Amino acid sequence: MATLLYRLGHLTFRRRRTVLAIWLALLIAVGSSAAAFGGETSDEFKVPGTEAQATLDRIKHTFPDQANGSAMVVFQADSKDGITKEHARTAVHDTIARIAKIPGVADVPDPYTSGAVSPDGKVALGLISFTHEAAHISDQERDAVVAAAHPAGQAGLTVAFGGDAYSESGEVPVASEALGLLVAGVVLAVTLGALISAGLPLLTALVGVGIAIAGVTSLAGSFEIISTAPVLALMIGLAVGIDYALFLVTRHRRHLAQGLLPAEAAARANATAGSAVVFAGLTVVVALTGLAVARIPFLTAMGLAAAGAVAVSVLVAITLVPALLGFAGHRLNRISLWKPALRTSHTRPFGERWACFVVRRPLAVLLAGVAVLVPLALPAASLTLGLPGPGSQAAETQARIASDIVSSHFGPGYNSPLIVVVDAKQVEHPKKAVEEVAKDLSSMKGVAGLLPPTVDEKTSTAVLTIIPNSGPNDAATRQLVSDIRAQNPALKKESGASIAITGTTAANIDVSARLDAALAPFIAVIAGAALLLLIVAFRSILVPLKAVVGFLLSVAASLGAVVAVYQWGWLNSLIDVPATGPVVSFVPILLIAVLFGLAMDYELFLASGIRESYTHGASPRDAVIAGMRNGARVVTAAALIMVAVFGSAVVAQDPIIQPIGFALAVGVLIDAFIVRMAMVPAAMTLFGKAAWWFPQRLQKIVPQVDMEGEQLMAQLEQQPHRPDAERRIAARGY
C-alpha cells in the first residue's frame with residue numbers, strides 16, 4: 001500500500017491542476033444532482049418486523065387514518081372554563097373550519113362535541129388528520145394550518161401546534177457548525193503555526209463534506225433517509241476530514257524540515273501518514289456499515305451516509321491534499337504565527353516531557369486512569385433507551401408547548417396514546433367481542449381511559465385508542481404495552497378476538513427494545529474486529545488486548561456521562577438539555593461504531609511510532625518516549641478538533657442531535673487524553689519487551705502490513721542520489 005500511495009502522491013503533486021479540476025467538477029456535479037433530484041428526509045423511525053409496524057402495515061387499507069399523518073391544535077384560555085365561553089367557542093369553531101378547508105387535511109373533529117375539552121375548561125384540542133403520511137406533509141401545509149389559527153389568537157387564546165407533523169428533529173444550526181469550524185481553525189493554527197498550513201485541512205474537509213452531503217441529499221429523492229443521516233455525515237465528515245489532512249500536512253512539513261523537496265516530501269507523507277489514514281478510514285467505514293447488523297433501516301441509512309462521508313474524506317486526503325501541497329510548495333509555512341512549529345532536535349516538546357513522566361510512574365498513571373474511568377462508567381448500568389417525542393423538544397418549540405399544555409390539563413397519557421387493533425373475524429358476534437375486549441382493557445392497571453372504538457364491519461376489525469396514565473417515555477407506559485400484549489391469550493380465550501398494539505408510542509418502544517437487544521452483540525463484533533485489526537497491524541498480542549480494553553473503558557465511561565446528563569439531569573445548568581428521560585435509543589450503538597474507528601486511529605498513530613522506534617533498536621521505555629514525542633502533538637490537535645466539531649452540536653437543542661454530539665465529544669475526549677495519551681504509554685512501559693511478543697505459529701499466518709512504509713523508505717534510501725533530477729524538479733517549482 002505504501003508504494004502505491006507514494007506513486008499516487010507524486011502523480012497528484014505533478015498533476016495538481018488536473019486533480020483540483022476533477023474534485024471541483026465532482027463537487028459541482030453532485031451539488032447539481034442534489035438540486036435536481038434531491039428529496040425530503042424523514043422523521044419517522046420505522047422498523048419492519050416489529051409488532052407495532054407489522055400491525056400498522058396490516059390495517060393501512062382498513063383504517064387509512066392510522067397510517068396517515070396527524071397534528072394537534074391546542075387552544076388555551078387564561079381562566080377556568082374560559083374555553084367554553086361564547087367568544088372562545090366562536091374563535092375555536094372558526095379556526096377548525098378554516099383548517100378543515102386546507103388541501104391535504106382530511107378531518108378536524110369539533111372538540112366540543114368530541115369531548116376534547118379539559119376538565120378545568122381551560123383547554124380544547126383539535127385533532128387534525130391528513131390525507132397522507134407524516135413524511136409527506138409539506139411545509140406549506142404546516143404553515144397553512146398555523147395561519148388558519150389567526151382568529152383564535154385574535155380572541156386572546158393561546159394557540160400551539162403539536163403531533164407528528166410538528167415534531168422537529170435532525171437539525172443543527174449553522175452557527176453551531178461555524179463555531180466548531182472556528183475552534184478547529186484555531187487549533188490548527190496553534191498546532192501548525194502558519195495560516196496556509198492551517199487553512200489547507202479546513203479547505204479539503206469542506207470539499208469532502210460538500211460532496212458527501214450533496215450525495216445524501218440526491219439519494220433522498222429515491223430512498224427514505226432519516227433526517228439525522230445527513231447531520232451525522234456532516235459531523236463525522238468534517239471531523240475526520242480535518243484530522244486526516246492534518247496527519248498528512250504534519251508529516252509533509254516534517255519531511256520539508258529534513259531537507260526534502262516538496263514533491264518528495266508530499267509523496268513520502270502520502271506513503272506513510274497516508275497509509276495510516278487509509279487504514280484508519282477503513283476501520284471507521286467498516287464500523288459504520290456494521291450498523292446494518294441491527295437490521296434497522298433508518299440506522300443502516302445513518303451508518304451508510306456517515307461511512308460515505310468518511311470514504312470521501314479518505315480519497316480527498318490522499319489525492320487533493322498532495323495536489324494542494326503542490327500549489328503551496330515552499331510557501332506552506334509562510335504567514336507564520338509562531339516559530340516553534342517545527343522544532344529542532346534539542347528542544348523537548350511537551351509530548352516528550354509527558355512521556356518521561358508516564359514512564360517513570362507507569363503503574364500510578366495506569367491506576368489513576370482506571371480510577372477516573374470506572375466512576376464515570378457506573379451510571380451506564382442504569383441506561384434506559386427511548387425515542388424522543390414532542391415533550392423532548394426545546395422549550396420554545398410549538399411541539400413542546402403543545403405537549404406541556406396537554407400533559408398539564410389532560411394528563412401525560414394524552415401525549416402517548418396506544419392503538420389496539422382487535423381482530424374479531426373468527427367470532428360470531430364481532431361487536432360484542434370488541435366491547436368485551438374494551439371492558440377488560442379499560443380495567444387494566446395504568447390505563448386512564450379508552451376512546452370509543454372504530455369498527456370496520458366488512459373485516460370485523462376494530463381500533464381502540466387507550467390513554468395511559470403515564471407519558472410516552474415513562475417506564476410505566478412500557479410496562480403497560482408489555483402487559484397488554486401478555487393479555488392477548490387470555491382475551492382470545494375469553495372473547496374469541498385477538499389484539500395487537502400499534503401507534504407511535506408502541507412503535508418507539510419496539511424500536512428501543514430492538515436496539516437494546518442489538519447492543520451487546522454489536523459490542524462483541526466491534527471488539528473482535530478491533531482485536532483482529534490490531535493483531536494484523538502490529539503483529540502482537542498484548543498491544544491489541546490493551547487497545548480493546550481501553551476502547552471498552554472509553555465506551556463505558558462515555559455512556560455513563562450520557563446517562564448522567566441526559567437521563568439523570570446532571571450538569572443541566574451548563575448543558576441546556578431540552579428534557580431529561582431515556583437516552584435516544586441509537587446513541588449507544590452509534591457511539592460504539594464511531595468511537596471504535598477514532599480510537600483505533602489514535603492507537604495506530606501512537607503505537608506505530610512506538611513500534612518503529614523499538615524495531616530500530618530503542619529500549620521499550622525509550623521507544624514509548626520517542627513515539628509520544630512524534631505523535632502526541634498531532635493526536636492532541638486531532639482530538640481537540642473532533643471535540644470541537646462534535647461538541648458544536650451540543651449548542652443545538654435538538655433532542656436527537658444534541659446527545660449524539662455530546663456522546664461523541666466526551667468519547668473522543670476520554671479516549672484520546674485518558675486512554676491513548678496516558679494509559680497506553682503506561683501499559684506499554686509495564687509490558688516492556690513482552691508488548692511485541694508474537695507466537696511463532698501466527699508469524700506465518702498473519703500477513704505483513706507495512707503501516708509506516710518502512711520497506712518503502714528502506715528502498716528509497718538505497719537508491720542512488722540524483723541531484724540532476726532534483727534540480728529539474730526544483731526548476732519547475734515543485
Side-chain angles (χ1 to χ4, degrees), residues 43-45 71-72 74 76 123 158 160-173 176 227-228 231 379-380 382-417 468-480 503-509 511-512 515-516 559-588 590-591 647 649-666:
D43 288 324
E44 292 185 279
F45 298 95
M72 181 170 56
V74 180
Q76 182 181 27
V123 179
T158 298
F161 302 87
D164 297 337
Y166 291 91
S167 294
E168 301 175 2
S169 63
E171 297 180 0
V172 177
S176 298
S227 58
T228 50
V231 180
S382 301
L383 176 67
T384 303
L385 301 180
L387 282 172
S392 304
Q393 304 286 328
E396 67 276 6
T397 60
Q398 286 286 332
R400 175 65 179 274
I401 294 170
S403 175
D404 289 347
I405 292 174
V406 170
S407 181
S408 176
H409 294 274
F410 288 89
Y414 275 79
N415 287 315
S416 53
N469 285 321
S470 48
N473 283 321
D474 292 345
T477 304
R478 293 193 294 275
Q479 185 61 50
L480 176 59
T504 301
T505 300
N508 288 351
I509 290 172
V511 170
S512 299
L515 285 164
D516 195 13
L559 286 178
V562 171
V563 169
V565 172
Y566 288 92
Q567 194 172 310
W568 294 354
W570 292 9
L571 302 180
N572 270 3
S573 58
L574 295 176
I575 301 172
D576 193 4
V577 178
T580 57
V583 174
V584 177
S585 54
F586 48 83
V587 165
L590 269 181
L591 171 67
V650 179
V651 178
Q653 288 192 307
D654 185 276
I656 295 177
I657 300 302
Q658 191 191 59
I660 291 176
F662 176 83
L664 292 177
V666 171

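Throughout, numbering of the chain's residues begins at 1 and tracks the sequence. Note that this is a predicted model, so its numbers are computed, not measured.
Looking at residues two or more places apart in sequence or on another chain, you find a side chain to side chain donor-acceptor pair (under 3.5 Å) between T477 and S470. For P388, the side-chain contact (heavy atoms from CB on, under 4.5 Å) partners are S392, V584, P655, I656, not counting sequence neighbours. Under the side-chain contact (heavy atoms from CB on, under 4.5 Å) criterion, Y414 pairs with V406, F410, I467, sequence neighbours left out. Every side chain to side chain donor-acceptor pair (under 3.5 Å) that Q76 has, sequence neighbours left out, goes to H409. Not counting sequence neighbours, the partners of S382 by the side-chain contact (heavy atoms from CB on, under 4.5 Å) test are Q567, W568. The side chain to side chain donor-acceptor pair (under 3.5 Å) test applied to N473 returns no partner, not counting sequence neighbours. Annotation: salt bridge (Lys or Arg N to Asp or Glu O under 4.0 Å) contacts of D474 (sequence neighbours excluded): none. Looking at residues two or more places apart in sequence or on another chain, you find a side-chain contact (heavy atoms from CB on, under 4.5 Å) between I575 and V565, Y566, V577, V650, Q658, F662. For D516, the side chain to side chain donor-acceptor pair (under 3.5 Å) criterion is met by no residue, not counting sequence neighbours.
Residues L385 and P588 share a closest heavy-atom pair of CD2-CG, 3.7 Å. Closest of all the heavy-atom pairs between G661 and A649 is CA-CB, 4.0 Å. Among all heavy-atom pairs drawn from P412 and S407, the shortest one is CA-OG, 3.6 Å. Minimum heavy-atom separation, G386 to P582: N-CB, 3.6 Å. When all heavy atoms are compared, the tightest approach of Q398 to A160 is OE1-CA, 3.3 Å. Taking all atoms of both residues into account, the shortest heavy-atom contact from G560 to P379 is O-CB, 3.4 Å.
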Run the numbers on V123 and V74 for side-chain contact (heavy atoms from CB on, under 4.5 Å), then give the verdict. CA-CA 7 Å; V123 179; V74 180; 3.7 Å; yes
Show your reasoning for whether side-chain contact (heavy atoms from CB on, under 4.5 Å) applies to V583 and T384. CA-CA 6 Å; V583 174; T384 303; over 6 Å; no
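In this structure, I660 CD1 and L591 CG are separated by 10.0 Å, a value rounded to the nearest 0.5 Å. Between the OG atom of S585 and the CG atom of L383 there is a distance of 10.0 Å, given to the nearest 0.5 Å. A distance of 8.5 Å separates CG in L480 from CD1 in I509, rounded to the nearest 0.5 Å. Going from atom CG of L387 over to atom CZ of F586 covers 6.5 Å, rounded to the nearest 0.5 Å.
The list of ring-ring contact (aromatic ring centres under 6.0 Å, His included) pairs with a residue in residues 385-406, not counting sequence neighbours, is empty.
Side-chain contact check for Q479 versus P468: every heavy-atom pair is 4.5 Å or farther apart. In this structure, P659 and V587 have side chains that are in contact, with non-hydrogen atoms separated by less than 4.5 Å.
A donor-acceptor pair under 3.5 Å links the side-chain atoms of N415 to the main chain of S403, judged by distance alone. R400 places a side-chain N or O within donor-acceptor distance of the main-chain N or O of P578, the cut-off being under 3.5 Å. Using modelled atom types, no side-chain atom of T397 and backbone atom of Q393 make a donor-acceptor pair closer than 3.5 Å.
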